[in-house]
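Data first, discussion second: the structure below is written as structure tokens.
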Amino acid sequence: MRIISQPRKFVRRCLSFATFQTHQHNILAETEPSRDHLTPELELHLITERCRLWTAHPQDSPFSEPYWAFYWPGGQAVSRYLIDNKHLVKGKNVLDFGCGCGASGLSAKLSGAKHVMFNDIDKIAIEAVVLNGLNNNINIDAVSTSSLIGTCCKEYAVVTVGDMFYDTHFANEVFRWLIDAHERGSFVLIGDPGRFALKSHPLKSSLMCLAKYELKPST
């Protein structure tokens, strides 16, 4: 029995590693390193106008939903704010919720965060985070592909959220969870370009605007 079970585990590891390598190859092939955004301190693998996938049909993409390959406005704002206000995360545990390319978490690490959890339900996003960490010589402390909505997360002093209010129903779930996190003592930092789901939410009045940023057309 032991002789049979061990090779099976080995095969699963090999298949997992092969899949990981394939995804990383596709990320490198279909994106380009970019600093053309609000945080030029970071070089990120992104789909830009020079990339094939910018104009390709969805069926021609090796990725089903490559949201992680775009540096969305809210994420850029959160990341810029963290780099400019390092005291907010220095020596603290940080959760980068819905991390995408990982820019906010990487910015927290640049700013002296003790530990950062990069969380995204898209496994390929996590692989992009690993590549972006390597690109910037930043250690990736921990990653998670679990849905954390509704969980306690009290171990995180700071929770960053960028561009997650794209749908009214989902916004309700996220907002309730973030309010709970705030009431447990976490500092919650939200970045959003003014989507309807956030602007029209009844709990928006509980938020305080800390900063506004102008993005270049190319970003």
Side-chain angles (χ1 to χ4, degrees), residues 37-39 42 44 65 67-89 92-111 113-122 125-126 128-129 132 140-213 215 219:
H37 42 70
L38 283 181
T39 53
L42 294 172
L44 304 170
E65 295 180 328
Y67 296 120
W68 51 267
F70 298 92
Y71 197 3
W72 302 95
Q76 292 196 47
V78 168
S79 301
R80 182 71 262 161
Y81 192 77
L82 289 176
I83 292 175
D84 292 342
N85 297 273
K86 293 179 172 57
H87 64 281
L88 294 174
V89 293
K92 298 177 181 178
N93 292 341
V94 178
L95 170 62
D96 186 1
F97 172 70
C99 64
C101 67
S104 294
L106 294 172
S107 296
K109 289 291 290 183
L110 275 181
S111 301
K114 178 182 178 182
H115 180 92
V116 175
M117 169 64 78
F118 295 84
N119 168 249
D120 199 296
I121 60 172
D122 187 342
I126 295 300
V129 168
N132 287 330
I140 303 301
D141 299 317
V143 299
S144 167
T145 56
S146 300
S147 174
L148 298 182
I149 297 174
T151 61
C152 182
C153 294
K154 63 180 180 181
E155 65 268 34
Y156 302 109
V158 180
V159 178
T160 66
V161 185
D163 303 283
M164 296 299 288
F165 295 91
Y166 49 81
D167 172 85
T168 302
H169 176 72
F170 186 61
N172 286 334
E173 294 183 6
V174 174
F175 230 132
R176 291 193 194 100
W177 175 63
L178 293 177
I179 292 294
D180 287 343
H182 175 67
E183 291 177 347
R184 291 190 183 100
S186 297
F187 176 73
V188 178
L189 193 58
I190 298 172
D192 192 89
R195 293 182 180 88
F196 177 78
L198 178 61
K199 290 175 67 175
S200 62
H201 201 282
L203 292 175
K204 184 178 181 295
S205 59
S206 63
L207 302 180
M208 177 187 299
C209 181
L210 298 175
K212 293 183 178 181
Y213 300 93
L215 274 67
T219 59

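Every value quoted in this text rests on a predicted model; they were computed, and no experiment measured them.
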Exercise. At what distance, to the nearest 0.5 angstrom, does CH2 of Trp177 lie from CD1 of Ile179?
Worked result: 12.0 Å
Problem set entry | Short side-chain to backbone donor-acceptor contact, Ser144 and Ser146, under 3.5 Å | yes
Exercise. Ring pair (Phe, Tyr, Trp, His ring centres under 6.0 Å) with Phe175: which residues, sequence neighbours excluded?
Worked result: Phe165, His201
For this session: Run the numbers on Val116 and Ile140 for side chain to side chain contact (heavy atoms under 4.5 Å, CB included), then give the verdict.
Result: CA-CA 7 Å; Val116 175; Ile140 303 301; over 6 Å; no
Exercise. Roughly how far apart are Asn119 CG and Thr145 OG1, rounded to 0.5 Å?
Worked result: 8.0 Å
Exercise. Which pairs pass salt bridge (charged side-chain N to carboxylate O under 4.0 Å, His left out) with one or both residues in residues 173-191, sequence neighbours excluded?
Worked result: none
Exercise. Has the side chain of Asp120 got a donor or acceptor atom that lies under 3.5 Å from a matching backbone atom of Gly100?
Worked result: yes
Exercise. What pairs of residues pass the salt bridge (charged side-chain N to carboxylate O under 4.0 Å, His left out) test when at least one of them lies in residues 185-203, not counting sequence neighbours?
Worked result: Asp163-Arg195, Asp192-Arg195
Problem set entry | Aromatic ring pairing His37/Tyr71, orientation class (parallel under 30°, perpendicular over 60°, tilted between) | perpendicular
Problem set entry | Pairing residues for Lys86 by the side chain to side chain contact (heavy atoms under 4.5 Å, CB included) criterion, not counting sequence neighbours | Ile83, Ser111
Using residues 149-162 as the side-chain source, report each donor-acceptor pair under 3.5 Å to any protein atom, sequence neighbours left out, with the distance given to one decimal.
{"residue": "Thr151", "atom": "OG1", "partner": "Leu148", "partner atom": "O", "Å": "2.4"}
{"residue": "Thr160", "atom": "OG1", "partner": "Leu95", "partner atom": "O", "Å": "3.4"}
{"residue": "Thr160", "atom": "OG1", "partner": "Asp96", "partner atom": "OD1", "Å": "3.2"}

Problem set entry | Close side-chain approach of Tyr81 to Leu210, heavy-atom, < 4.5 Å | yes
For this session: Return the set of residues passing side chain to side chain contact (heavy atoms under 4.5 Å, CB included) with Leu215 (not counting sequence neighbours), or none when no residue passes.
Result: Leu38, Pro73, Gln76, Thr219
For this session: Under the salt bridge (Lys or Arg N to Asp or Glu O under 4.0 Å) rule, collect the residues that match up with Asp84, sequence neighbours excluded.
Result: Arg80
Problem set entry | Inter- and intrachain pairs under side-chain hydrogen bond (donor to acceptor under 3.5 Å, both in side chains), touching residues 100-110, at least two apart | Ser79-Ser104, Lys109-Asp141
Problem set entry | side chain to side chain contact (heavy atoms under 4.5 Å, CB included) between Leu106 and Leu44, worked out | CA-CA 10 Å; Leu106 294 172; Leu44 304 170; 4.1 Å; yes
Problem set entry | Heavy-atom pair with the smallest gap, counting every atom of Cys99 and Ile126 | SG-CD1, 4.1 Å
Seminar exercise, completed: side-chain hydrogen bond (donor to acceptor under 3.5 Å, both in side chains) pairs touching residues 203-213, sequence neighbours excluded, are none
Exercise. How many angstroms lie between OG1 in Thr39 and CG in Leu110, if you round to the nearest 0.5 Å?
Worked result: 9.0 Å
Exercise. At their closest point, which heavy atom of Ala125 faces which heavy atom of Trp68, and how far apart are they?
Worked result: CB-CB, 3.6 Å
Exercise. Does Tyr166 have any ring pair (Phe, Tyr, Trp, His ring centres under 6.0 Å) partners at least two apart in sequence or in another chain, and if so, which?
Worked result: Phe170
Exercise. Does OH belonging to Tyr67 count more than 12 external heavy atoms closer than 6.0 Å?
Worked result: no
Exercise. For His87, what residues pass the side chain to side chain contact (heavy atoms under 4.5 Å, CB included) criterion, not counting sequence neighbours?
Worked result: Asn85
